[in-house]
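Notes for the one structure printed next.
A note on names: the letters A, B, ... follow the listed sequences, proteins ahead of strands, and every chain is numbered from 1. All heavy atoms count here, side chains included; hydrogens, waters and symmetry mates do not.
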Amino acid sequence: MLKARQYKSGVKPIWCPGCGHYSVLNAITKAFAALEQAPENAVLVSGIGCSSRLPAYVSSYGFHGVHGRALPLAAGLKVARPELNVMALGGDGDGFSIGGNHFLHACRRNVDIVYVVMDNEVYGMTKGQASPTTPEHWEHSKLTPHGPEVRPFQPCAIALAAGASFIARGHSGDPNGLAQILFEAVQHPGFAFVQVLSQCVTFCPEQAAWKERVHQEDHCTRDPVAAARFLHGDDGFGKGIFYRNPRPVWPLVHAAAAAADLREGFRL
Amino acid sequence: MLKARQYKSGVKPIWCPGCGHYSVLNAITKAFAALEQAPENAVLVSGIGCSSRLPAYVSSYGFHGVHGRALPLAAGLKVARPELNVMALGGDGDGFSIGGNHFLHACRRNVDIVYVVMDNEVYGMTKGQASPTTPEHWEHSKLTPHGPEVRPFQPCAIALAAGASFIARGHSGDPNGLAQILFEAVQHPGFAFVQVLSQCVTFCPEQAAWKERVHQEDHCTRDPVAAARFLHGDDGFGKGIFYRNPRPVWPLVHAAAAAADLREGFRL
Amino acid sequence: MKNVTIALTGSGGTGVVALGEMVLQVAARLGLYGILRKTFGPQIRGGESAAIVRLGPRPLASFGETIDLLLVLDWTNFQRFADEIPLTDTTLIIEDTAAGTAPAALQSATRLDFSGLARQQGSAHSNIAALGYLGSWLGCDGGQIERALEQRLQHHGADTLALIRRVAQAGSHLHTVSPLALAAPAAVTGGERGKEREQERGERWLATGNQLAGLGALEAGIRFVAAYPITPASDALEWMAGRIEQQGGHLVQAEDELAAINMAIGAGFGGVPAMTATSGPGLALMAEAMGLAVASETPLVILNVMRGGPSTGIPTKSEQSDFNLAVYGLHGDAPHVVMAALTIADCHHTLGWAVAVASERQTLSIVLSDQFLGQSMQILPPLAEGAFKAEPVSASLPPAEGGDYFRYLNTDNGVSPVALPGQAGGMYTADGLEHSEQALPSAKAQDHQTQLDKRQRKLESLVDSPHWGECCRQQGAELLILCFGSLYPIALEAQQILLGESLPVNVVGIRLLSPPPLAQIRQCMDEVKQVVVIEQNHQGQFARYLRSFGLSFCSYHRPGPRLFTPGELVRQVKEMRHAESQAI
Amino acid sequence: MKNVTIALTGSGGTGVVALGEMVLQVAARLGLYGILRKTFGPQIRGGESAAIVRLGPRPLASFGETIDLLLVLDWTNFQRFADEIPLTDTTLIIEDTAAGTAPAALQSATRLDFSGLARQQGSAHSNIAALGYLGSWLGCDGGQIERALEQRLQHHGADTLALIRRVAQAGSHLHTVSPLALAAPAAVTGGERGKEREQERGERWLATGNQLAGLGALEAGIRFVAAYPITPASDALEWMAGRIEQQGGHLVQAEDELAAINMAIGAGFGGVPAMTATSGPGLALMAEAMGLAVASETPLVILNVMRGGPSTGIPTKSEQSDFNLAVYGLHGDAPHVVMAALTIADCHHTLGWAVAVASERQTLSIVLSDQFLGQSMQILPPLAEGAFKAEPVSASLPPAEGGDYFRYLNTDNGVSPVALPGQAGGMYTADGLEHSEQALPSAKAQDHQTQLDKRQRKLESLVDSPHWGECCRQQGAELLILCFGSLYPIALEAQQILLGESLPVNVVGIRLLSPPPLAQIRQCMDEVKQVVVIEQNHQGQFARYLRSFGLSFCSYHRPGPRLFTPGELVRQVKEMRHAESQAI
Ligand SMILES: Cc1ncc(C[n+]2csc(CCOP(=O)(O)OP(=O)(O)O)c2C)c(N)n1
Ligand SMILES: Cc1ncc(C[n+]2csc(CCOP(=O)(O)OP(=O)(O)O)c2C)c(N)n1
Ligand code: SF4
Ligand code: SF4
Ligand SMILES: [Mg+2]
Ligand SMILES: [Mg+2]
């Protein structure tokens, strides 16, 4: 049995001191310890962003892919190698902007992977542009001087509408709570989505105030209508597991057809 | 004042006899007649698919772009030329599979365009593969011999979660009802999404039964929670305008800053 | 006449495409070879369609110059096929009585009452009557046609089958009263007919290039496919879908091409041989992730079945214009493998090779095929089981636990030891960021240079493979036709024609496009006085590529949608020789 | 010594990058020219960083070979810069007292107490003390430093400013007691100092290539931008965002690059000059839609600021390895324009030209820049207002209402009349499907050929433009250095060095990469005995391209992240000459 810190690879993170992503790293290693995860059977798959650098910091296999494509890469791996514990992770830009389509379809497809989005409402890596979750009037990026002026993306509500079977939210200020959520997410059969409010101290210092707003929500339901009602009213700061409604995991197993002769059909 | 048929370009559609898309064409020309639309001020923008061939059949400007990208092309055009009436349109594959990300972000961004998706739950153009809206156990495509086995995409519920400000559903069996919806959609300020159940007689002859299941829904609300409740319970065959909640159209207009000297900032 | 080319045209409802396929099936039972091409008007269904069938005593991998027999079940929109059905003064034209009005220039058609014969039996299938007619002409006895019909219609009820059989018999009978004024292909007219022959003839296959590509991939070990439908690649995927499952693998219909290629990369990273298939627009969308496969050194195969470009272009027609994209279309310095299948049968071979190469060199292999190879249906002798297998993973295990494992170790042959998830002691993070040998992100000049050199180096020895291409030499040849992909069989046929005119030429088809087998190409070029590089695109993309290595030659290129014909190449060669002799 | 190169290094908190920028600002006020490059370790914030500043009496568009002065505020992770801060025996090294421990080899540093001086004033800004010190060395009076500080810190309160001013003064004073053992750049040491000079010196600009690209684009008429952030292109977009709005245009931050390019195509179709900006991975994602711009003949400009590849590669460093993708990376035959900006200032010119060409020829213009040009900051004389304007739309109106309007008319010059939405009588549907002149979908061979020919033809005359490239010839030159993009200023500096050694060479920088200005290139090549093509990538992509047109020359290429230096080129040229003379 390994301790949480033994799941750290020893590579020094490039993150700014105080970055929320450190807590997510800690929560993952804690969850792995609790799960007694064999390190070589875990794979962390990410896109590009500060958050997406995480896999190299964990003692497991990893794939640091291209921007926005962690989910399909992870799904392909899991379908091909179902015995592995595959976790996709990345940032709000990676997952909800360039990766939005894969997010929708991963929720529907229900491959048995966990997806952790470290949501800091900003593009940290590229120096502070607005992301889909950035507040409408956040004026700190020169690229959108009046603020994005676009309704923020609602990750959990969209995950629900798209068909995710496990939806939760954690906060980088509470790595233990997050570890507990991840522990459950890994064990959930099917696609488990975990949004983590993970602050960017460098480009959004105002997010320090999140810790006052975050509160526990004990709303977990398996009724989509109830979940929809809750999520459409949600202030975005509730943490907890909101929805959990297991359904068949993709790909479904079919009675094996006799391994046919591939060449049969060509013969006349 | 032009009559509906005067909005037809005279180009003969490539569609199969009986294809639902003919009705959508008729509904658009009817709506244009009712709107007294100047043909040269309307632009229909589409992707690729049987449905996406529609622009050439209407007497207006058109852009038959690439697969899945009608929405950004239409949004770029509208932002650049706000005086035009821009309508994006296409199929369920075009809009919800390859184009899913743009759908999400168009709903959020709320540019003042109409988006009509001719949903036949199949890829007609490429000869009958499953689309995101195909029923889970539809086994008629060799590409997915057991059926897609994936939860169908819920266009209206997703549009709502993503922030669309106008959401409606029509049916190709009722071109007049659809024309009425389109008439309202064009006049709605902001992004208006119209799902049209438009049957593919060639690859999904079973859709002939839709006409028995389609029913009018008079649920129009401006309350997202109420809409969510309705849409998450919806059987997919209600038609009508479900949600209408105008909010500021993007791009917002800002008090014009004095046209600055572009070169000023370089001077020492 | 040894080969015969028949064009069958009608509207969507008349079943000419089915007719074409059945003619091929019947012909195969007679020991004939043949090839079939389908073509459709723009309408999705119910529009005009045509099937072009060429039959002869030896394997046929290309179409001839002109049409010997045109059989029309419906004249509507016949002109749309003007480019593809080149009629000559000697073309025999037969029209069904219900075919409507022929274009003015074609009023001389012989009228036969296929639809009437069918109607008499209570059927609308004039195409089956035509099948009976053509079957008789080819030399079938009634039983042979029947068995072909049975195989094809096995899922239909006995009543339907009986009806169809009667219509076919009526058609056969029509041939005895109005025989076809055209010699049937040689194997039949020249040989014995009847049942005995059918048993002796040896096994025959009927297959398209897309199907054989699928077969080659599965036999070489592909066990994961993710793809997004696109013409003309979809039918390769459709062929594979049910079958890969029976082999314990999976095919995922992805939400788009970006997902498809990244899924395949994920599976490949997991050690499961993986591929995707697409066509131009999809390949373009995959360009970014191709670079990821290259940089992370993940095995990946892409089958790209080319169609007319640019943009959506002409989706249902053949062209070789994705060459540039396949060879050069990645950002950064991203060496990878590009191959081209040379014939319908070669789709099997080339896919197998591509799978083996991708896995043994941990790289991206793109295979170019095209709509002609992919969708034409050919009668061919059975193919030997593919010789290629994806490298078994254990061959490149990293050092035992405890040893220092460098995923991106700078080895002599450029191939680094790869560990697979699940394997203790091999944990690493694959990366598209530049990295050190230890797989840690690095912006150091030395690491960049090392990895760039290594990724280039590991491909270099590939050019020594005997599979680099196919040469077909003729004694005394002074001219070489150099090509890739589907022009190869066409060039071979041109070679035969030229030989008949005492103009021997050599033909070389390049299978390995990148890295280029320059030594072999140079040697082939040195054997002759003149070289012409042929390709089916507008810019002469392949010629430009070869020139970039300092080769010089004449280039003949033109875009689709018209297929190249042997006669066109013959003319081209003669003109070149003429130009040269004038120059002297 | 006329030019001086200073490296300023520290950890993220020490403000060396700000120091570098302020040194540049101060130097400009003294009539000096200069250039600044910033470089960072992998950490996002608080990690090590460096600014390299080169100053001299004449415009400087490149960096020298080595560092004359290294000023270290913090030694932590100094080794990370080993590639970029090449020290020699003659490099003067100064360290702050608080800099920590120098690497063993660099223990000889002179220690100055910048941090102590700041602390005495109650400030942590050792970088400001260093600014005062360096300012004095350059010859500033206190007032000049103050005015520079005021301009930079205009949004800060009076108290802060007063404090900063005192720290700077303390630093200045330090120079009088411990003067720098290095001659300041010539303009100052050799000339008059003081206030009068500052007024006489003429106007100076301080700008990066990315900013000037934005300026060039806006001045030429770009009124719509859609883009997705990516290093190192984002700051071009950030510069444009607020400004385009003031010109009545819009910048949209898109959800991804696929959206970005399609939005720009939509705007371009609407007649509003439109562009996007990106770097390698984003350009790869745009490949499919680039083909749409080409096929639909919609004007579109893409600025691609290159970084290290392949895949995510080395995002913050310069390389010229997206050449292949830009030139060849489209599916189908898709001729388009590719240009390269030659210097920081030339980003302005080239973007303007690209905008004009895209609009007048209804095509895609890709402009290649790179991280070096894009993000280096230069002191330069004010640029003349751009000469280019996007073609006014009315110039190509279709025939008046009632006449037959053929959107894709086959004209002599290949440019078809375009109507814009809103214009009666011009309605058509733009299409990426192949089409007839009337803009209706067509799979006909003739239509395909016509449109392919037309799209190719309309670009051909572009090669006659005087903007094709820049030549800098020397009397008696026997060797030509041929390059594109950011290697041009480096080659020019090498040329000066070689001239000093009586080895005159010519230098040509190609601005128009595709279609290639072959006649001009051939002419330049014919003037000399030897030609070397230089480029910063691993495969020699540009050389391969030129060779594909039958040109022959020597190729010198290597990847990033190290910048090319003039000295490196000088050595290269000498080796080539040596090799040649030995060969004789
Ligand atoms: C195709 C592509 N486009 C753009 C980029 C540039 N890019 C790198 S990371 C990033 C956004 C990162 O934001 P997020 O995912 O929220 O992660 P964070 O840094 O905030 O943790 C962007 C736009 C890229 N690498 N690739
Ligand atoms: C990038 C790309 N991928 C795939 C295709 C092939 N393709 C053309 S249309 C289509 C799907 C059409 O389905 P839908 O949008 O539902 O329209 P329908 O034909 O059903 O009306 C596909 C997959 C393409 N043209 N481009
Ligand atoms: S920039 Fe923001 S997200 Fe990135 S490492 Fe720093 S604090 Fe974290
Ligand atoms: S295939 Fe289906 S969607 Fe396409 S035209 Fe025919 S009926 Fe309509
Ligand atoms: Mg973020
Ligand atoms: Mg559809």
Side-chain angles (χ1 to χ4, degrees), chain B residues 9 11 14 38-46 48 53 55-81 83-86 98-99 101-102 104-106 108-109 111 250-251 254 256-263 265-268, chain D residues 25 28-29 151 203-207 211-212 215 218-219 223-224 226 242-243 245-250 252 254-256 258-272 274 288-289 291-292 296 379 382-383 419 421-433 439-441:
Chain B
S9 71
V11 174
I14 58 157
E40 67 272 17
N41 289 335
V43 188
L44 304 188
V45 178
S46 65
I48 299 292
R53 291 290 198 119
Y57 310 146
V58 175
S59 182
S60 71
Y61 280 87
F63 204 124
H64 185 210
V66 289
H67 191 38
R69 317 293 166 205
L71 279 174
L73 204 151
L77 175 60
K78 179 72 184 184
V79 169
R81 296 283 311 275
E83 73 282 16
L84 299 173
N85 175 7
V86 178
I98 191 168
N101 201 30
H102 311 307
L104 281 181
H105 289 277
R108 294 176 55 221
R109 196 178 279 120
V111 170
W250 203 92
H254 294 279
D261 177 358
L262 288 172
R263 312 178 133 234
F266 296 119
R267 296 192 187 108
L268 278 170
Chain D
Q25 282 167 325
R29 290 178 172 267
Q151 193 184 15
E203 208 187 325
R204 290 284 187 279
W205 281 17
L206 197 58
Q211 293 168 342
L212 293 176
L215 180 70
L218 290 184
E219 287 187 347
R223 289 297 175 270
F224 183 89
R243 291 169 176 90
E245 207 186 301
Q246 291 165 357
Q247 312 294 315
H250 289 282
V252 186
E255 55 271 31
D256 59 21
L258 305 161
I261 183 170
N262 281 284
M263 286 174 174
I265 291 172
F269 167 75
V272 174
E288 189 206 11
L292 178 62
S296 67
I379 302 172
L383 297 179
Q423 189 177 342
M427 291 182 299
Y428 75 102
T429 295
D431 213 328
L433 266 181
L440 294 178

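Proximity to chain B is limited to the side chain of D:Leu215, based on heavy atoms less than 4.5 angstrom apart. Both the backbone and the side chain of B:Val79 have a heavy atom closer than 4.5 Å to some heavy atom of chain D. Contact of D:Pro441 with chain B is made through the side chain alone, with heavy-atom distances under 4.5 Å. Both the backbone and the side chain of D:Tyr428 come within contact range of chain B, judged by heavy atoms closer than 4.5 Å. Proximity to chain B involves both the backbone and the side chain of D:Glu255, based on heavy atoms less than 4.5 angstrom apart. If you measure heavy-atom distances from D:Leu206 to chain B, the contacts under 4.5 Å come from both the backbone and the side chain. Heavy atoms of B:Ser46 lying under 4.5 Å from chain D are absent altogether. For D:Ala226, no part lies under 4.5 angstrom from a heavy atom of chain B. Interface remark: D:Ala207 contributes backbone and side-chain atoms alike to the contact with chain B (heavy atom separation under 4.5 Å). With a threshold of 4.5 angstrom between heavy atoms, B:Leu84 approaches chain D through side-chain atoms but not through N, CA, C or O. For B:Pro55, the parts sitting under 4.5 Å from any heavy atom of chain D are the backbone and the side chain alike.
Contact count versus chain B (heavy atoms, under 4.5 Å) is highest, among D:Ala274, D:Gly268, D:Gly266, for D:Gly266. When each of B:Arg109, B:His102, B:Arg263 is scored by its heavy-atom pairs under 4.5 Å with chain D, the top score falls to B:Arg263. Contact count against chain B (heavy-atom pairs under 4.5 Å) is highest for D:Pro421 among D:Ala254, D:Gly291, D:Gly432, D:Pro421. Among B:His64, B:Arg108, B:Arg267, B:Arg53, the residue with the largest count of heavy-atom pairs under 4.5 Å with chain D is B:His64. With chain D as partner, the option from B:Lys78, B:Arg81, B:His67 having the largest number of non-hydrogen pairs under 4.5 angstrom is B:Arg81. Contact count against chain D (heavy-atom pairs under 4.5 Å) is highest for B:Val66 among B:Val66, B:Asn41, B:Asn85. Counting heavy-atom pairs closer than 4.5 Å to chain B, the top residue among D:Gln211, D:Gln25, D:Glu245 is D:Gln211.
In this structure a side-chain-to-backbone donor-acceptor pair under 3.5 Å is missing from B:Tyr61 to D:Ala430.
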(message) side chain to side chain contact (heavy atoms under 4.5 Å, CB included), that's the test. Do B:Leu73 and D:Leu292 meet it? Break it down for me.
(response) CA-CA 11 Å; B:Leu73 204 151; D:Leu292 178 62; 4.0 Å; yes
(message) Let's go through D:Phe269 and B:Val43 carefully: what are the C-alpha distance in whole Å and the side-chain angles of both, what is the deciding distance for side chain to side chain contact (heavy atoms under 4.5 Å, CB included) to 0.1 Å, and is it a yes or a no?
(response) CA-CA 11 Å; D:Phe269 167 75; B:Val43 188; 3.7 Å; yes
(request) Apply side chain to side chain contact (heavy atoms under 4.5 Å, CB included) to the pair B:His105 and D:Asp256, showing each step before the final yes or no. (result) CA-CA 10 Å; B:His105 289 277; D:Asp256 59 21; over 6 Å; no
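For the pair B:Arg69/D:Ile261, no side-chain contact is recorded, criterion being any heavy-atom separation below 4.5 Å from C-beta on.
Scanning both residues, D:Ala267 and B:Ala80, for their nearest heavy atoms gives CB-CB, 3.6 Å. Pairing each heavy atom of B:Ser59 with each of D:Met427, the nearest pair is OG-CE, 3.6 Å.
Remark: D:Arg243 CZ to B:Leu262 CG distance equals 7.5 Å, nearest 0.5 Å.
Using cut-offs of 30° and 60° for the angle between ring planes, the B:Phe266 and D:Trp205 rings count as parallel.
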